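This report concerns only the one structure given below.
Numbers restart at 1 for each chain; the letters A, B, ... are given by sequence-line order, proteins then strands. Quick caveat: nothing in here was measured; it's all calculated off a predicted structure.
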Amino acid sequence: MRYSRAFIPTLKEVPKDATMPSHVLMLRAGYARMVGAGIYELLPLGTRVLHKIERIIREEMDAAGAQELLMPVFLPSEYFKETRRWELYGPTLLRIKDRKGGEYHLAPTHEEIITDVVRREVKSYRQLPLNLYQIQSKYRDEPRPRAGLLRCREFIMKDAYSFDVSEEAALESYAHMHDTYHRIFERLGLEYRVVEADSGAIGGKQSAEFQVLAQTGEDWIVACGACDYAANVEVAQAGRAEPPAISSAEPAALEKVETPETRSIDEVVSFFGGETTTAHTLKSLLYVAGEEVVLAIVRGDHEINEIGLARHLRVDEVLLASDAAVKEATGTEIGFIGPVGFEGRIIADPDAVAVPNAIAGASETPYHYKNVNYGRDFEAEVVSIRQATSGDPCPNCDGKLELYRGIEGGHIFVLGTHYSDKMKATFLDEEGHSHPIVMGCYGIGVTRLIAAIMEQHHDEQGIRWPVQVAPYQVIITPIGKDEEPLIKATEIYDALKVEGVEVLLDDRSERPGVKFKDADLLGIPLRITVGARGLKQGIVELKKRTESESQDVPVDGAVAAVRAALAELGG
RNA sequence: CGGGGCGUAGCGCAGCUUGGUAGCGCGCACGGUUCGGGACCGUGAGGUCGGAGGUUCAAAUCCUCUCGCCCCGACCA
């Protein structure tokens with residue numbers, strides 16, 4: 001492609017609405033533009049990157065025996081009504097009415113539709129297993145789209161669905177996809193972790209998230225430094241922390257203290273001044289879990305894991321009680337609740353009950369108790385309900401957990417018969433008995449990965465694409481006002497094209513600085529600089545985007561040098 | 001949904017407090033000089049000041065409503 005003809009609108013200045021590196025870069029480097037909140041158009045460069053990523057995904061999915069198909073995004077409501085997701089999905093589902101008043105929606109995901117195809121066409125165990133996938137736009141009316149392509153209302157996703165005759169077979173399919181995902185993320189040049197995750201409302205039995213590590217990610221994950229244990233903090237096993245060491249570990253007498261204006265742990269700690277630390281306090285949280293109201297206790301410096309709590313209570317979710325509910329259940333205000341004297345179910349974290357002489361709310365405004373001791377002053381079900389955090393011992397080995405932020409790039413689930421039961425997708429076995437098909441589903445956020453790769457591969461100057469996903473592999477930059485550099489550059493350009501290399505020839509009549517800045521901003525992995533100076537000595541310069549020094553290569557050897565460099569970069 | 005911020009030329013911003021000619025930088029077009037890390041000089045095009053209503057002789061500026069975008073939070077007591 002000749003740059004002079006290419007549609008690459010770069011920006012010198014940072015658009016004011018962008019804060020995150022990938023968001024700034026995709027706008028500045030001319031990869032994408034915003035159309036509305038969480039709605040973007042991909043410009044030619046962005047589209048090329050998208051296609052590169054899709055190609056890698058297709059190659060690996062096809063190699064794994066999956067078959068691509070394409071399903072509609074615009075769907076009649078009947079499918080989602082069949083599984084009750086029409087109600088359950090809530091406002092995130094983008095609903096549409098047609099001219100006759102018929103109810104439709106834009107697909108946020110396709111389990112129902114694929115299950116429908118399969119139940120209509122698959123009748124026998126002989127037709128299984130099956131793995132079908134598509135790469136398609138999805139729509140979710142996110143409460144808060146953000147960060148450019150990282151959280152959009154319209155986005156492209158690869159979703160695959162596996163269909164098996166049994167749980168064991170489904171687990172095999174799942175394991176196969178697990179391997180396939182490793183290959184895909186590897187090939188995309190991403191640093192990532194596979195983590196245990198919550199399978200959410202979909203009701204999965206087993207699931208794993210492929211988390212791309214990035215400081216700008218939305219998710220918190222912990223990973224062991226010594227073994228391969230890694231988990232989303234939502235589900236991570238929290239290790240035991242040391243109870244706070246204090247001078248007098250002997251239980252002291254319970255003491256009620258007036259503590260005005262101490263609604264948060266921090267306020268409580270500063271009220272007591274040097275006497276205490278957050279680790280000596282108990283955080284008491286009142287939750288509504290189904291019909292029940294429960295009091296959850298974690299140590300003051302810990303965070304509660306609501307998903308863990310919900311699991312222990314065997315409910316789908318727990319909700320923090322409202323001000324009014326707190327008043328009704330405890331007779332006091334938020335900020336002064338405590339376990340002492342609480343009449344009802346109490347769930348306490350092991351680290352919380354291990355705190356001697358703790359400070360906790362007195363269930364009376366505005367008082368706290370000093371010297372609260374588990375066993376003497378309150379009883380509870382002791383269950384690990386806090387979030388894992390940095391420094392916690394690994395549940396699998398002697399290592400320590402570290403905290404990372406991640407971008408959820410992929411998520412794979414064993415669904416079981418959740419959808420096939422509801423939608424009566426069954427098959428007949430050898431004996432003619434009918435069984436529900438056992439399903440799995442496997443997603444990759446394709447457009448999100450464009451941003452995720454940028455988050456991991458950039459510097460102050462711009463993007464630094466891994467070759468496999470770069471929109472062009474090489475950019476040729478002829479320099480100076482003479483004709484000679486452009487002529488030579490064009491020769492090299494033609495020769496590379498013949499070789500099948502994807503090249504951008506910067507034939508614009510811009511000054512060198514402009515061309516260099518743009519080349520760096522776009523992030524093309526290799527740059528060939530053709531200048532009058534070098535040509536006098538019969539050389540051109542070859543430079544990797546990730547390196548600061550270029551190497552001189554003979555003009556005749558440019559093509560070979562590019563080929564070698566590409567091979568080195570893994571292209 | 002709650003809180004905060006912002007909407008003025010393609011992009012980044014000033015002007016608004018104290019109403020009276022819409023301005024600067026970048027970019028864009030033309031001419032000239034320049035040419036190895038976002039050059040310089042000159043000329044020029046480009047704006048219903050997010051939208052609607054109101055106050056006023058007069059509104060980018062004051063008032064009311066509304067739409068959009070960004071950030072933080074969505075109950076961690």
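A:R33 comes within 4.0 angstrom of no nucleic acid atom, judged by non-hydrogen atoms across all strands. In this structure, A:S284 reaches the bases: a heavy-atom distance under 4.0 Å links it to at least one base atom across the strands shown. Within the nucleic acid shown, A:K16 comes within 4.0 Å of sugar-phosphate atoms alone, with no base atom in reach, counting heavy atoms only. Residue A:V298 is out of contact with every strand shown, counting any heavy-atom pair closer than 4.0 Å. At the heavy-atom level, A:G531 lies under 4.0 Å from base atoms of the strands shown. At a threshold of 4.0 angstrom between heavy atoms, the contacts of A:A147 are confined to the sugar-phosphate backbone, with no base atom among them.
Side chains of A:E455 and A:H458: no donor on one and acceptor on the other come within 3.5 Å. A donor-acceptor pair shorter than 3.5 Å can be found between the side chains of A:D507 and A:S4. Between the side chains of A:E154 and A:Y139, at least one donor-acceptor pair of N or O atoms lies under 3.5 Å. Using a 3.5 Å distance cut-off with no hydrogens or angles, the side chains of A:D518 and A:T10 do pair a donor with an acceptor.
For B:G3, the base has no donor-acceptor partner in the side chain of A:R144 [N/O atoms by modelled type, under 3.5 angstrom]. A donor-acceptor contact under 3.5 Å is not formed by the side chain of A:E13 with the base of B:G10. Judged by distance alone, with hydrogens and angles left aside, A:R527 brings a side-chain donor or acceptor within reach of the base of B:G37, the pair sitting under 3.5 Å.
The phosphate of B:G27 (OP1 or OP2) has a side-chain N or O of A:K12 nearer than 4.0 angstrom. Residue A:R533 places none of its side-chain N or O atoms closer than 4.0 Å to OP1 or OP2 of B:G36. In this structure, A:K517 does not reach the B:G38 phosphate: none of its side-chain N or O atoms is under 4.0 Å from OP1 or OP2.
Across all strands shown, B:U48 remains unpaired; no Watson-Crick or G-U wobble contact has both distances below 3.5 Å. When both distances must be under 3.5 Å, the Watson-Crick or G-U wobble mate of B:G37 does not exist. Remark: B:C76 base-pairs with no nucleotide in the shown strands. Criterion, Watson-Crick or G-U wobble with two distances under 3.5 Å. Under the Watson-Crick or G-U wobble criterion, with both distances below 3.5 Å, B:U21 has no partner in any strand shown. Across all strands shown, B:G42 is found opposite B:C30 as a Watson-Crick or G-U wobble partner, with both distances under 3.5 Å. In this entry B:C69 has B:G5 as its Watson-Crick or G-U wobble partner, both defining distances falling under 3.5 Å. Checking B:A59 for Watson-Crick or G-U wobble geometry (two distances, each under 3.5 Å) identifies no partner in any strand.
Comparing the P positions of B:G27 and B:G38 gives an interatomic distance of 13 Å, to the nearest angstrom. A gap of 37 Å separates the C1' atoms of B:C6 and B:G42, to the nearest Å. On the P atoms, B:U21 is 15 Å away from B:C62, given to the nearest whole Å. Taking the P atoms as reference points, B:C26 lies 14 Å from B:U43, given to the whole Å. Taking atom C1' on both B:C70 and B:G12, the two are 15 Å apart, rounded to the nearest angstrom. Spacing between B:G10 and B:G50 at atom P, rounded to whole Å, works out to 13 Å. When the C1' atom is compared between B:C24 and B:U33, the two are found 25 Å apart, to the nearest whole Å. Between the P atoms of B:U8 and B:C69, the separation comes to 14 Å (whole Å).
When the options A:R33, A:R153, A:H23 are evaluated for a side chain to side chain donor-acceptor pair (under 3.5 Å) with A:Y40, the one that passes is A:H23.
The cationic group of A:R405 lies under 6.0 Å from the six-membered ring centre of A:W220 and within 45° of the ring axis, placing it in a cation-pi geometry. A cation-pi arrangement is absent between A:R448 and A:F155, since the terminal nitrogen or guanidinium carbon is not both under 6.0 Å from the aromatic centre and inside a 45° cone about the axis.
As rounded to whole Å, 6 Å separates atom C1' of B:C11 from atom CG of A:L11. A:E549 has its CD atom 15 Å from the P atom of B:G37, to the nearest Å. Atom-to-atom, CZ of A:R151 to C1' of B:A74 comes out at 14 Å; the value is rounded to the nearest Å. Protein atom OH of A:Y369 is 21 Å distant from nucleotide atom P of B:A77, rounded to whole Å. Nucleotide B:A39 holds its P atom 11 Å from the CG atom of A:D518, rounded to whole Å. To the nearest angstrom, C1' of B:C35 lies 15 Å from CG of A:L535. Rounded to whole angstrom, the span from the CD atom of A:E142 across to the P atom of B:C71 amounts to 13 Å. Between A:L286 atom CG and B:C76 atom C1' there is a gap of 13 Å when expressed in whole angstrom units.
A salt bridge links A:E218 to A:R146: one of the charged nitrogens lies within less than 4.0 Å of a carboxylate oxygen. In this structure, A:E303 pairs ionically with A:K283, as a charged nitrogen and a carboxylate oxygen lie closer than 4.0 Å.
The A:L521 side chain lies nearest to B:G38 when the options are B:C76, B:G73, B:G38. Comparing B:C35, B:G37, B:G38 against the side chain of A:V514 picks out B:G38 as the nearest. Considering only side-chain atoms of A:D17, the nucleotide from B:C70, B:C71, B:G38 that sits closest is B:C70. For A:L285, taking side-chain heavy atoms from C-beta onward, the closest of the listed nucleotides B:C70, B:C76, B:C35 is B:C76. Of the candidates B:C70, B:G12, B:G37, the closest approach to any side-chain atom of A:P15 belongs to B:G12.
Comparing A:V14 and A:R28 by the nucleotide of RNA chain B whose heavy atom lies nearest to each, the residue mapping closer to the 5' end is A:V14. Summary of the strand contacts: A:P512 and A:A18 both lie near RNA chain B, and taking for each the nucleotide with the nearest heavy atom, the more 5' one is attributed to A:P512.
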